[in-house]
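In this chain, numbering begins with 1 at the start of the sequence shown.
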Amino acid sequence: QLQLVESGGGLVQPGGSLRLSCAASGSSGFTLDYHAIGWFRQAPGKGREGVSCISTSGGSTNYADSVKGRFTISRDNAKNTAYLQMNSLKPEDTGRYYCAAAPQCSNNILDFASWGQGTQVTVSS
């Protein structure tokens, strides 16, 4: 029921940075504060994998091992927006990035019922 829109993707060189945003649609009538927000990515020819998740209040976060120390997830409930700051980007970070909402963070992708359309991230020299 929650409508999400991702933005901030683009083309960046290895070692560069991007910040992705995930915002509730202005017409949805829903807010993010009752939802945990997860970030997922799908590389060319591969399945969708979990990247990070943040709890409803922002008090708890988790990350895939492949991005720990480089990515930071955050949220601003007053702005109905969650973020993914990506630093020290590597070519293997390339893929389409999606945000999704769930009652709480979960390792089961099926628990995330609301999804954005995705934003493309390409890391290449």
Side-chain angles (χ1 to χ4, degrees):
Q1 297 183 39
L2 185 65
Q3 299 174 13
L4 305 174
V5 178
E6 302 95 332
S7 62
L11 175 64
V12 64
Q13 293 185 332
S17 298
L18 287 172
R19 189 176 82 155
L20 307 183
S21 297
C22 173
S25 170
S27 300
S28 71
F30 291 86
T31 58
L32 292 181
D33 54 348
Y34 287 97
H35 300 83
I37 299 297
W39 284 97
F40 300 79
R41 67 187 181 189
Q42 188 164 16
K46 297 184 178 181
R48 193 167 298 183
E49 65 172 330
V51 174
S52 184
C53 193
I54 187 167
S55 63
T56 56
S57 67
S60 298
T61 60
N62 54 55
Y63 301 89
D65 288 341
S66 60
V67 307
K68 285 182 179 177
R70 300 187 298 118
F71 290 10
T72 302
I73 190 170
S74 62
R75 66 190 298 158
D76 186 341
N77 287 345
K79 296 182 178 179
N80 295 319
T81 304
Y83 306 93
L84 185 68
Q85 179 68 46
M86 306 186 296
N87 298 327
S88 302
L89 283 163
K90 305 175 181 179
E92 52 262 44
D93 295 318
T94 293
R96 192 163 187 86
Y97 283 68
Y98 302 85
C99 66
Q104 57 189 305
C105 288
S106 172
N107 290 325
N108 184 359
I109 195 171
L110 296 179
D111 289 336
F112 292 83
S114 299
W115 293 80
Q117 83 291 341
T119 185
Q120 180 67 33
V121 172
T122 302
V123 184
S124 176
S125 60

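- Looking at residues two or more places apart in sequence or on another chain, you find no ring-ring contact (aromatic ring centres under 6.0 Å, His included) involving F71.
- For residues 88-102, the side-chain hydrogen bond (donor to acceptor under 3.5 Å, both in side chains) pairs, not counting sequence neighbours, are R41-D93, R41-Y97, R70-D93.
- Here the shortest heavy-atom pairing between P103 and D111 reads CD-O, 3.7 Å.
- Taken from NE2 in H35 to SG in C22, the straight-line distance is 11.0 Å, to the nearest 0.5 Å.
- Using a 4.5 Å cut-off on side-chain heavy atoms (C-beta onward), P91 and S124 make no contact.
- Partners of N107 under the side chain to side chain donor-acceptor pair (under 3.5 Å) rule, at least two apart in sequence or in another chain, do not exist in this structure.
- Across all their heavy atoms, A100 and F40 have their closest contact at CB-CE1, 4.0 Å.
- At a threshold of 4.5 Å between side-chain heavy atoms, the hydrophobic network of Ile, Leu, Val, Met, Phe, Trp and Tyr places I37 and L84 in one connected group.
- Heavy atoms of other residues, nucleotides or ligands lying less than 6.0 angstrom from CD of Q117 number more than 12.
- Residues that satisfy the side chain to side chain donor-acceptor pair (under 3.5 Å) test with D76, not counting sequence neighbours, are absent from this structure.
- The same ILVMFWY cluster, assembled from side-chain heavy atoms under 4.5 Å apart, contains both L20 and V12.
- The minimum heavy-atom distance between L2 and S114, with the atom names listed, is O-CB, 3.1 Å.
- No side-chain heavy atom of Q3 sits less than 4.5 Å from a side-chain heavy atom of W115.
- In the hydrophobic clustering of this structure, I54 does not group with Y83; members are Ile, Leu, Val, Met, Phe, Trp, Tyr whose side-chain heavy atoms approach within less than 4.5 Å, directly or through other members.
- The two atoms that bring N62 and S52 nearest to each other are O-OG, 2.8 Å, heavy atoms only.
- Proximity of a side-chain donor or acceptor of T119 to a complementary backbone N or O of G9 within less than 3.5 Å is detected.
- S74 meets the side chain to side chain donor-acceptor pair (under 3.5 Å) test with no other residue; sequence neighbours excluded.
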**Prompt:** Step by step, would you call S17 with Q85 a side chain to side chain contact (heavy atoms under 4.5 Å, CB included)?
**Reply:** CA-CA 8 Å; S17 298; Q85 179 68 46; 4.0 Å; yes

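- Considering all non-hydrogen atoms of both residues, C53 and F112 come closest at SG-CZ, 4.1 Å.
- Shown here for M86 and V121, the closest heavy-atom pair between the two residues is CE-CG2, 3.9 Å.
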Legend entry - Candidate pair R48 and I109, rule side chain to side chain contact (heavy atoms under 4.5 Å, CB included), full reasoning: CA-CA 9 Å; R48 193 167 298 183; I109 195 171; 4.1 Å; yes

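- Residue pairs satisfying the ring-ring contact (aromatic ring centres under 6.0 Å, His included) criterion with at least one member in residues 43-63, sequence neighbours excluded, are absent.
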